[in-house]
Amino acid sequence: MVVLGIETSCDDTCAAVVDHGRVRSSVVSSQHRFHSPYGGVVPEVAARQHSRYVVGVARAALAEAGVSWGELEGIAVTVAPGLIGALVVGVAFAKGLVLSLGIPLVGVNHLLAHLQTAFLATDFQVEPHVGLLVSGGHTALFMVRAPGEASLMGSTLDDAAGEALDKAAHLLGLGYPGGPALEAAARGGDPHRFPFPRPLLRRGLDFSFSGLKTALAVHVAKHGLPSSAQEMADLAASYQEAVVETLVHKAMEAVASSGVTTLSVTGGVAANQRLRDALSAACAPLGIRLVIPPRPLCTDNAAMVASLGECLLERGVREGLDVDASADVLMGTWGAEDCRVISRGGT
Ligand code: KG4
Ligand code: ZN
C-alpha cells in the first residue's frame, strides 16, 4: 500500500511515504531554531509551527517520493503520546486528507512507531526481540513480537535518558537539543574522571535518571562550571558514560532474562555513538544480534509512522473520523495496553 505518514508529537514536523514496506521519502522539518532561545520545547510554539509547516512538509514528502495525492491508499498519523497541542495539528490535518481523498485513516502510537524502525532497518528480517527505546520522553524495555505488538518489560520511574542528557547540557550551558551537544562536548573527555551514580543497577529492569541529574547539579553547585575545555569534556564524558552504562546493563539483563538473541535500540538517544559502541561491545562476545537503525530513523521521523500504519492497515485496522489525540493514555488499536503505564506526557 502507498501510505503517507504524519508525525507532529513534539518539535519535528514530519511526513513520509512508504510503499510495500519500503521508505519512498522521509521529510523532517526541525523546529530547533524556534525553541533554542528557551532552552527546551515550548508546547504552544510547537503546535503553531506544526500548523504552519505541516502542509508544506507533506507536499515535499509526496514530491520526493514521486507520488501524487490521488495515488495514496492510506494515511497514518501519530495520535499518542506527545504534546497534546502538537498532536492535534497532525491528527486534524490527517482527517482533512482522508475526507478529501476518500482513503482509510489509521492512528499510530509514537512508541510503537519508534520500535518499528527495527523492522525498517532490517527489511522486516528480525525475529521477536528485546527493544530498548530511548528518547527524550521515554526510556523503556519491550518484548517486541511483531510490528505494533510489544509488551513492556521495564521503564523509567522518573526522567527519560534523553531528558537527563538534555537537562545536563542545559545546566552546563551547552545548548539545545542537549543530547548531541553533550556528545560533542564529551569528545576527548575522560569518562572515568568524575564518579556519577549508576542508578538502580541491581534492581530489575526499571530505570531512574533523576538522581544522576541531581548529582550533576550538586557537583556544579559545589565546584562551579568547568573552567577549562578539558574539564568540560571530562565532566560531559563522565555523565554520558553513567547514562550509557546504565542503559547497556539493563538492556543486557533484559536480553538474558527473556532468552531472545536479538536486541534493538531505537529513539533519539540511539543516535549517540558512545551508546552504539558500548552496545556493540556488550553484544558481540555473547553472539547477540544488535539492531540499531541509521540515525535519521532514530530521531523523530514519519517513516516509522507510515511503516507501522501500513502494517496496521493491511491487518484491516481503521480509525473513525472521531479519533482523538492523547497526550498520555494509550489504548485501543494504536497501542499495546501495556504502553499505558509508561506514558508520562512529553514524547
Ligand atoms: O526520539 P526523539 O527524536 O524524540 C522523542 O520522542 O523524544 O528523541 C529526542 C531525544 C532528545 O533528548 C535528544 O537530546 C536525544 O534524543 N538525542 C541524543 C542524540 N541525538 C538526539 N542523545 C544523545 N546523543 C545523540 N547524538
Ligand atoms: Zn520520538
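All ligand and atom numbering here is 1-based and tracks the order in the structure.
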Any idea how Phe207 and Phe209 line up, ring-wise: parallel (<30°), tilted (30 to 60°), or perpendicular (>60°)?
-> parallel
Nearest-0.5 Å distance that lies between atom CG in Leu205 and atom CE in Met153 = 5.5 Å
Relative to the Zn ion (ligand 2), which of the N, O or S atoms in His110 is the closest?
-> NE2
Can the ring centroids of His170 and Tyr176 be said to lie less than 6.0 angstrom from one another?
-> no
Output the list of atoms in ligand 1 that are nearer than 4.0 Å to some heavy atom of Gly162, sorted by atom number.
-> 12 (O)
Looking at His110, which atoms of ligand 1 are within less than 4.0 Å of one of its heavy atoms?
-> 6 (O)
Are side-chain heavy atoms of Gln273 and Arg295 found at a separation under 4.5 Å?
-> yes
Ligand 1 versus His114, non-hydrogen atoms closer than 4.0 Å: side chain, backbone, both, neither?
-> side chain
Look at atom CZ of Arg315 and say whether more than 12 heavy atoms of other residues, nucleotides or ligands are closer to it than 6.0 Å.
-> yes
Please work out whether any backbone atom (N, CA, C, O) or any side-chain heavy atom from C-beta onward of Asp166 is under 4.0 Å from ligand 1, and answer side chain, backbone, both or neither.
-> side chain
Can you name the N/O/S atom of Asp300 that is nearest the Zn ion (ligand 2)?
-> OD1
Go through Asp11 and His32 one step at a time and tell me if the side-chain contact (heavy atoms from CB on, under 4.5 Å) criterion holds.
-> CA-CA 7 Å; Asp11 60 348; His32 291 167; 3.6 Å; yes
Do any of the N/O/S atoms of His114, backbone or side chain, fall under 2.8 Å from the Zn ion (ligand 2)?
-> yes
Can you list the ligand 1 atoms lying under 4.0 Å from a non-hydrogen atom of Glu183?
-> 24 (N), 25 (C), 26 (N)
Contacting atoms of ligand 1, where contact means under 4.0 angstrom from a heavy atom of Gly137 | 7 (O)
Who's closest to atom 24 (N) of ligand 1 heavy-atom-wise, of Val244, Asp300, Asn272?
-> Asn272
Does Cys10 reach ligand 1, in the sense of a heavy atom lying below 4.0 Å from it?
-> no
Leu235 and His219, any side-chain heavy atoms less than 4.5 Å apart = yes
His138 contact mode with ligand 1 (heavy-atom cut-off under 4.0 Å) | neither
Is the shortest heavy-atom distance from the side chain of Asp123 to the side chain of Arg22 under 4.5 Å?
-> yes
Atom CZ of Arg276 with >12 non-hydrogen neighbours under 6.0 angstrom | yes
What distance separates Leu247 CG from Leu275 CG, expressed to the nearest 0.5 Å?
-> 5.5 Å
Location of contacts on Asp12 toward ligand 1, heavy atoms closer than 4.0 Å = neither
Of all the heavy atoms in Arg295, does at least one lie under 4.0 Å from an atom in ligand 1?
-> no
Flag Pro177 as yes when one of its N or O atoms lies below 3.5 Å from any N or O atom of ligand 1, and as no otherwise.
-> no
Can you find an N or O of Leu165 that's nearer than 3.5 Å to an N or O of ligand 1?
-> no
